[in-house]
Asks: 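My questions will all concern the structure given below.
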Amino acid sequence: MKRIRWKDFSLVSKIVIEVGLIAGLLFTMNLLFYVRINISMQKMDNVYASNAQLTDLSQVFEQVQDNMYEYLKVKSSQSLMDYYQNEARYRNELEKLNDKNINDSVKLLERNIRKMSETYLDCTAETVAAKRGRNVEKYKRKYEDSIRLYSYIQTAIDELNNQLFKENTSSYSVLRQMMRYLETSNIIFMLVIVAVGMLLLIMATRGMFRSLTSMAETAQLVGQGNFHMKMPDTDSQDELGEVTRAFNTMVENLDVYMAKTKESMEKEQQMMERELLMENHLKEAQLKYLQSQINPHFLFNSLNAGAQLAMMEDAEKTGIFVEKMADFFRYNVKKGQEDATLGEELEAVDNYIYILNVRFAGDIHFSSDVDESVENVRVPSMILQPVVENAVNHGIRDIDWEGQIHLTVTRNPRGICISICDNGKGMSEEEIQNVLSGNKEHSTQEGDSTGIGMNNVISRLELYYEQPDLLEIYSEGAGKGTEVVIHIPLIR
């Protein structure tokens, strides 16, 4: 049977055996150290457990006194409840103290604290009961007794704490010395194991250092862009031979890959530029398309109304009406392909209301409150008149009470807030969501609409400012009116 020699193992097997041996030794040492440290830590925790317990007792004792004083001062149910809760906690803590007569200064002091505390709790209970029974003289007397007992008990707790601390300090010093010994011995053992393991690992892997160094130098040259550098050819069948051949193949493929990648990146850049250009053209086309929608039937019907007015009234009123009509549609034609100032938008709304009042004999009650300092701010054209038109056609038309529309323009830290509010039919939450999402466009007879709906306004605001949610709709339900709020950012 052929004997297996150490040098017959593969590189991976050698490394695994060496690393496994080192890891096993380190794990064993750490496990032993962990067990010994845990035992020592448990002893250290037990040393100061009595001090921690006494600290908790003192804190609860102070809370009982504070709660009783607070109840005597303000007589609130919460302070009384806190007193009873902390009293119960304090009694539980007292159960942990010694109550037997043992010939030990610490145990005797614990017993005295427990007995005085029981007397103190009885006194505080009588004080609270006297306060609840409005017996002023009694609760004052009992309160003074409780203060005196509180002082005695607090002094006894401090004295007990000091005695325990002195006893525990000596034990703690011994444990600290043991911990230092464990720590030092563990570090020495670990350093010895690491040194021996590193020596064995170097001896086992010494044969491949030269080839790896040569490969690292060649890889550095390849990393600098020299894809013609290769490792010397070898016929070795071990891991290093396989890595050398794979490295040379990688360098050859990398040269081809870099050329293809450069060509692909150039094509991708060209495609991204074309996509960006198409997206910009699409946005421009959408904006112009949305701004161009106006219903000619409204113009025809309104001009017919003007002709009828000319037949029934003097020429002066007819002239004013026709002038308002001309201004309104001149604004539509002129501003259809560009933005406008907020003042121009408000003037278009005033002309529109005037035209409707001529047609409907003054039934449209419209008022406005505008901050004049924002009238020169530029906004998308035809965003206010369609909202006012919507309030007329779907809000106050055909209602049994006097319809009113109020427009408000104010400035706030984030921009400009425009509110169009009516007292008409109102909207349900489902109708509001349908309008905002574009699933529903309010339909009106073509003769009574300019053709620019809420969906058009919302879309143009989003395209113009490149922000969503600039238009909001509020209504409390049927018959309670509707408010449309437009937020105009000051910085576009």
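Since we're looking at a predicted model, the values are computed, not measured. Note that the numbering runs from 1 along the sequence shown for the chain.
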Asks: Can you sort out the partners of E430 under salt bridge (Lys or Arg N to Asp or Glu O under 4.0 Å), two or more places apart, ordered by chain and number?
Replies: none

Asks: Quick one: does L470's side chain get under 4.5 Å of Y464's, heavy atoms only?
Replies: no

Asks: State, to 0.1 Å, how close V379 and D339 come at their nearest heavy-atom pair, and which atoms those are.
Replies: O-CB, 3.1 Å

Asks: For E95, check salt bridge (Lys or Arg N to Asp or Glu O under 4.0 Å) against everything at least two apart and list the hits.
Replies: R114

Asks: Filter on salt bridge (charged side-chain N to carboxylate O under 4.0 Å, His left out), then keep only pairs touching residues 61-83, sequence neighbours left out; what's left?
Replies: none

Asks: Counting C-beta onward and ignoring hydrogens, is there a side-chain heavy-atom pair between L94 and Y90 closer than 4.5 Å?
Replies: yes

Asks: CD/E126 to CG/N135 distance, rounded to the nearest 0.5 angstrom?
Replies: 11.0 Å

Asks: Who pairs with M81 by side-chain contact (heavy atoms from CB on, under 4.5 Å), at least two apart in sequence or on another chain?
Replies: Q85

Asks: Do I147 and Q65 have side chains that approach each other closer than 4.5 Å (heavy atoms only, starting at C-beta)?
Replies: yes

Asks: Is there a donor-acceptor contact under 3.5 Å from the side chain of N162 to the main chain of D158?
Replies: yes

Asks: Could you list the donor-acceptor pairs under 3.5 angstrom formed by side chains in residues 418-426, with sequence neighbours left out?
Replies:
unit_1, atom_1, unit_2, atom_2, d
S419, OG, E483, OE2, 2.6
D422, OD1, G424, N, 2.8
D422, OD1, T482, N, 3.4
N423, OD1, Q404, N, 2.7
N423, ND2, E402, O, 3.0
K425, NZ, R397, O, 3.3

Asks: Counting neighbours of CD on E118 that are heavy atoms of other residues, nucleotides or ligands and sit closer than 6.0 Å, is the number greater than 12?
Replies: yes

Asks: Quick check: do M68 and Y143 have side-chain heavy atoms less than 4.5 Å from each other?
Replies: yes

Asks: Of the non-hydrogen atoms in Q163 and S105, which two are nearest, and what is the gap between them?
Replies: OE1-OG, 3.6 Å

Asks: Does some side-chain heavy atom of H406 sit less than 4.5 Å from a side-chain heavy atom of D369?
Replies: yes

Asks: Start with the C-alpha gap between M265 and T261, add the side-chain angles, then the distance that decides, and say whether side chain to side chain contact (heavy atoms under 4.5 Å, CB included) holds.
Replies: CA-CA 6 Å; M265 291 179 64; T261 301; 4.0 Å; yes

Asks: Which residues satisfy the side-chain contact (heavy atoms from CB on, under 4.5 Å) test with N412, sequence neighbours excluded?
Replies: R414, C417

Asks: Mind checking what makes side-chain hydrogen bond (donor to acceptor under 3.5 Å, both in side chains) contact with S264, not counting sequence neighbours?
Replies: none

Asks: Let's go through E266 and Q270 carefully: what are the C-alpha distance in whole Å and the side-chain angles of both, what is the deciding distance for side-chain hydrogen bond (donor to acceptor under 3.5 Å, both in side chains) to 0.1 Å, and is it a yes or a no?
Replies: CA-CA 6 Å; E266 291 176 352; Q270 294 175 358; 6.0 Å; no

Asks: Using side-chain heavy atoms (C-beta onward) and a distance below 4.5 Å, is V128 in contact with Y84?
Replies: yes

Asks: What is the distance from atom CG of L463 to atom CD1 of I458, rounded to the nearest 0.5 Å?
Replies: 12.0 Å

Asks: Go through N390 and V435 one step at a time and tell me if the side chain to side chain contact (heavy atoms under 4.5 Å, CB included) criterion holds.
Replies: CA-CA 12 Å; N390 200 67; V435 172; over 6 Å; no

Asks: For I488 and I383, run side chain to side chain contact (heavy atoms under 4.5 Å, CB included): C-alpha distance rounded to whole Å, both residues' side-chain angles, the deciding distance at 0.1 Å, then the answer.
Replies: CA-CA 11 Å; I488 302 297; I383 61 169; 4.3 Å; yes

Asks: For the OH atom of Y83 and the CG atom of L72, what is their distance to the nearest 0.5 Å?
Replies: 9.5 Å

Asks: If the threshold is 4.0 Å, N to carboxylate O, is there a salt bridge linking K140 and E144?
Replies: no

Asks: Using 30° and 60° as the class boundaries, would you call the ring planes of Y120 and F61 parallel, tilted or perpendicular?
Replies: perpendicular

Asks: Closest approach of V64 and L121, non-hydrogen atoms and distance?
Replies: CG1-CD2, 4.4 Å

Asks: I need the I473 CD1 to I432 CD1 distance, nearest 0.5 Å.
Replies: 6.0 Å

Asks: For R148, which residues count as a salt bridge (Lys or Arg N to Asp or Glu O under 4.0 Å) partner, sequence neighbours excluded?
Replies: D145

Asks: Between V387 and L407, does the side chain to side chain contact (heavy atoms under 4.5 Å, CB included) criterion hold? Intermediate values first, please.
Replies: CA-CA 10 Å; V387 180; L407 185 146; over 6 Å; no

Asks: Quick one: side-chain contact (heavy atoms from CB on, under 4.5 Å) partners of N98, sequence neighbours excluded?
Replies: K100, I102, K107, E110, R111

Asks: If you look at every heavy atom in A130 and Y139, which pair is closest and at what distance?
Replies: CB-CB, 3.4 Å

Asks: Mark yes or no for whether R460, through its side chain, and M382, through its backbone, hold a donor-acceptor pair below 3.5 Å.
Replies: yes

Asks: Find the distance between CD (Q59) and CG (N86) and round it off to the nearest 0.5 Å.
Replies: 11.0 Å

Asks: Might you point out which heavy atoms bring Y71 and S76 nearest each other, and give the distance in Å?
Replies: CD1-O, 3.5 Å

Asks: Quick check: does any side chain N or O of S475 sit under 3.5 Å from a backbone N or O of G481, one acting as donor and the other as acceptor?
Replies: yes

Asks: Measuring from atom CG of L160 to atom CG of L97, what distance do you get when rounded to the nearest 0.5 angstrom?
Replies: 7.5 Å

Asks: Which pair of non-hydrogen atoms, one from V388 and one from I405, has the smallest distance, and what is that distance?
Replies: O-CD1, 4.3 Å

Asks: Within a 6.0 Å radius of atom CZ on R411, are there more than 12 heavy atoms belonging to other residues, nucleotides or ligands?
Replies: yes

Asks: Is it true that the side chains of Q154 and S58 contain a donor and an acceptor less than 3.5 Å apart?
Replies: yes

Asks: Residues two or more places apart in sequence or in another chain: which of them pass side-chain hydrogen bond (donor to acceptor under 3.5 Å, both in side chains) with T155?
Replies: none

Asks: Are K138 and R141 packed together at the side-chain level, in the sense that at least one heavy-atom pair is separated by less than 4.5 angstrom?
Replies: yes

Asks: Measure the shortest side-chain to side-chain distance between R89 and Q63 over non-hydrogen atoms and say whether it is less than 4.5 angstrom.
Replies: yes

Asks: Holding to side-chain contact (heavy atoms from CB on, under 4.5 Å), I want the full list of residues that pass it with T119, two or more places apart in sequence or in another chain.
Replies: L149

Asks: Excluding sequence neighbours, so at least two apart, what forms salt bridge (Lys or Arg N to Asp or Glu O under 4.0 Å) with K96?
Replies: E93

